[in-house]
There are 2 protein chains.
Amino acid sequence: MESRPVSQAVEDYVKAICLLEQQEGKATTKALAVALDVAAPSVTAMIKRLHAMRLVRHTRYRGVALTPSGRRMALEVIRHHRLLELYLVEALGLPWDQVHEEAERLEHVISEELEERIAERLGHPVADPHGDPIPTKGGEVDQSAYLPLSELNPGTAAVIKRVADQAPAKLRYLGDLGLFPEVRVTLLEKAPFGGPMSLEVGETRCTLGGDLARQIYVLPVESL
Amino acid sequence: MESRPVSQAVEDYVKAICLLEQQEGKATTKALAVALDVAAPSVTAMIKRLHAMRLVRHTRYRGVALTPSGRRMALEVIRHHRLLELYLVEALGLPWDQVHEEAERLEHVISEELEERIAERLGHPVADPHGDPIPTKGGEVDQSAYLPLSELNPGTAAVIKRVADQAPAKLRYLGDLGLFPEVRVTLLEKAPFGGPMSLEVGETRCTLGGDLARQIYVLPVESL
DNA sequence: GTTTATATTTAGATTAATCTAAAAAGAAAT
DNA sequence: ATTTCTTTTTAGATTAATCTAAATATAAAC
């Protein structure tokens with residue numbers, strides 16, 4: 001059940017594959033090459049190694065899919081990454097736009113004990129500073145914990161939990177609209193293709209661009 | 001003045017060379033092989049690379065010495081290591097006997113910004129949990145900041161600052177003798193070759209084995 | 001259904017870091 | 001001053017991860 005220690009490169013690949021599977025539905029050689037900033041033949045070579053380690057299945061010219069143990073490894077790394085991002089922001093006050101690259105390096109070297117202490121200090125959080133869910137130790141990803149406002153169904157009420165990439169200018173703008181964390185909003189209508197959406201905030205209404213709506217994370221009130 | 005990013009292995013070697021220079025006076029191929037747990041020819045090969053990077057000077061069959069830039073790099077890594085050890089103990093409550101290996105990995109990947117935040121949170125400490133001095137950002141090592149009790153001159157008074165490797169059993173034993181941090185002790189006499197030493201603690205006296213005395217760090221009162 | 005473009009893979013080379021086995025240099029012992 | 005032992009170095013091989021250039025397969029366009 002215990003897996004042997006593995007190189008940083010291998011962890012980077014399985015993580016990238018996992019994220020691509022979630023975001024794009026599939027992980028191709030090209031997409032991996034772009035995501036990891038390496039040449040395509042490097043990806044092909046690594047895929048061969050990952051396959052030998054039983055971390056991925058591969059169909060020639062068709063891309064890769066994680067095996068259960070590959071997914072377990074990937075989610076472990078992602079958990080490290082997101083916990084670290086949150087910890088660096090909350091506990092050490094690092095600027096929000098700098099924690100990603102820091103976590104990118106730290107995620108590969110922290111022990112399970114350190115991971116546990118960090119999770120403890122943070123109160124076992126379910127989402128990172130960007131609103132992305134933090135997988136549990138068991139590898140469960142609570143996608144519904146926080147939802148981008150852009151994914152909310154019209155007519156549904158929700159509570160704002162977090163604003164991704166909290167640039168001061170953006171925060172000020174959202175503040176003017178009354179869109180703070182813990183504020184309850186109701187989605188009135190939504191344009192197709194990620195266009196603008198109408199919101200009810202308290203007793204007033206406002207319209208929000210799709211790009212902004214995608215960066216505001218909410219908890220639907222039913223699930224409270 | 002800025003040096004290019006360097007591999008973890010290179011950092012491990014310059015760190016080991018620096019520590020060996022301090023502890024043994026010189027860094028030989030064999031000593032490095034033992035310290036880093038690699039074969040002797042691996043050390044020879046790496047020395048060649050370190051020399052090409054102008055991090056060490058090398059005289060065949062005579063061992064290596066750090067250049068100024070090599071020492072700068074080594075002290076930077078050691079600073080990271082000792083700050084991290086202290087942070088993991090103080091801020092995250094990791095067990096004292098586990099922080100070394102954790103810091104061993106983290107020391108290579110933290111940014112200067114993170115280093116700075118950690119130092120800040122700790123109040124810019126001068127020694128790690130083992131009593132070893134933390135080099136400053138400028139590369140100065142305040143060897144006198146904390147002194148092992150075993151190195152204190154007879155007749156001198158000092159204040160206990162820290163006990164290395166704080167195993168519960170040892171702490172209880174020292175507690176029974178009244179040897180707590182901030183307690184003032186006076187060294188009465190010391191046996192040669194690291195043998196037992198007689199101490200005055202408040203109004204009582206006690207005798208301490210040389211091995212224990214080497215793990216109690218003090219600040220001579222003159223320098224307060 | 002060819003042609004064209006793009007994605008993927010093979011082939012071959014490179015670099016860092018390591019190893020073992022054997023040769024050479026230095027230090028210690030008689 | 002030899003001999004012996006230890007340390008250091010050379011020689012040669014290995015592994016992981018990468019690259020470029022060229023070949024091949026799939027997908028898109030006409």
Side-chain angles (χ1 to χ4, degrees), chain A residues 3-17 20-21 23-66 70 73-74 77 104-105 107-109, chain B residues 3-17 20-21 23-66 70 73-74 77 104-105 107-109:
Chain A
S3 36
R4 238 50 60 222
V6 102
S7 78
Q8 192 161 315
V10 166
E11 290 187 351
D12 278 332
Y13 274 87
V14 293
K15 184 178 92 167
I17 292 166
L20 281 172
E21 280 183 349
Q23 287 158 25
E24 316 290 330
K26 62 179 174 177
T28 66
T29 302
K30 181 77 189 305
L32 281 167
V34 171
L36 295 165
D37 194 31
V38 295
S42 307
V43 176
T44 303
M46 179 58 97
I47 284 173
K48 216 171 288 179
R49 272 172 259 145
L50 296 178
H51 178 80
M53 296 185 228
R54 305 285 168 207
L55 296 171
V56 301
R57 282 180 313 110
H58 182 220
T59 17
R60 287 169 53 89
Y61 292 92
R62 277 296 142 84
V64 287
L66 289 174
M73 182 183 293
V77 178
E104 201 70 22
R105 296 188 305 271
E107 64 188 9
H108 304 291
V109 302
Chain B
S3 36
R4 238 50 60 218
V6 100
S7 78
Q8 190 162 315
V10 166
E11 291 187 351
D12 278 331
Y13 274 88
V14 295
K15 184 178 93 168
I17 293 166
L20 280 171
E21 280 183 349
Q23 288 158 23
E24 317 289 331
K26 62 179 173 176
T28 66
T29 302
K30 180 78 189 303
L32 280 168
V34 171
L36 295 166
D37 193 31
V38 294
S42 306
V43 175
T44 302
M46 179 59 98
I47 284 173
K48 216 172 288 178
R49 272 172 259 146
L50 296 177
H51 178 80
M53 296 185 230
R54 305 285 168 209
L55 296 172
V56 302
R57 283 181 311 108
H58 182 221
T59 17
R60 285 167 54 88
Y61 292 92
R62 276 297 141 81
V64 287
L66 289 175
M73 182 183 294
V77 178
E104 201 70 21
R105 297 187 304 271
E107 64 188 9
H108 304 290
V109 302

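Because the structure is a prediction, the values reported are computed rather than measured. Letters A, B, ... are given to chains in the order of the sequence lines, protein chains preceding strands, and every chain is numbered from 1.
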Q. Do any of residues 27-38 of chain A sit with a heavy atom less than 4.0 Å from DNA chain C, and if so which?
A.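 A:Thr28, A:Thr29, A:Lys30 - these, ordered by number, are the residues of the stretch whose heavy atoms sit under 4.0 Å from the strand.
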Q) Can you tell me how far the CG atom of A:Asp37 sits from the CG atom of A:Asp12, to the nearest 0.5 Å? A)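 The CG atom of A:Asp37 sits 11.5 Å away from the CG atom of A:Asp12.
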(Q) Can you identify which nucleotide, out of D:dT18, C:dA17, C:dT9, has its nearest atom closest to the A:Tyr13 side chain? (A)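 So the nucleotide nearest the side chain must be D:dT18.
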Q. Going by heavy atoms closer than 4.0 Å, what residues in residues 47-56 of chain B are next to DNA chain D?
A.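 Listed by number, they are B:Lys48.
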Atom pair distance, as rounded to whole Å: [atom1] in [X] and [atom2] in [N]:
X	N	atom1	atom2	result
B:Asp12	C:dA17	CG	P	10 Å
A:Met46	C:dT9	CE	P	15 Å
A:Gln8	D:dA17	CD	P	10 Å

Q) So what does A:Ala40 touch, heavy atoms closer than 4.0 Å: a base, only the sugar-phosphate, or nothing? A)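 Base: the residue A:Ala40, judged by heavy atoms under 4.0 Å, touches a nucleobase.
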Q) What does B:Ala39 touch in the nucleic acid at a heavy-atom separation under 4.0 angstrom: a base, only the sugar-phosphate, or nothing? A)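 Base contact.
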Q | Check: B:Gln8 side chain, B:His108 main-chain N or O, donor-acceptor pair, under 3.5 Å | A |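 No, the answer is negative, given that no donor and acceptor are paired below the 3.5 Å cut-off.
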Write out a two-atom table: protein N or O, nucleotide N or O from nucleotides 11-13 of chain C, distance below 3.5 Å.
none

Taking only nitrogen or oxygen atoms into account, show me every contact under 3.5 Å that the protein makes with nucleotides 23-25 of chain C, one pair per line with its distance.
residue : atom : partner : partner atom : Å
C:dA25  : O4'  : B:Tyr61 : OH           : 3.1

Distance-only donor-acceptor hits, side chain of residues 24-36 of chain B, under 3.5 Å, sequence neighbours excluded:
residue : atom : partner : partner atom : Å
B:Thr28 : OG1  : B:Ala31 : N            : 3.1

Atom pairs and distances, side-chain donor-acceptor, residues 52-60 of chain A, under 3.5 Å, sequence neighbours left out:
none

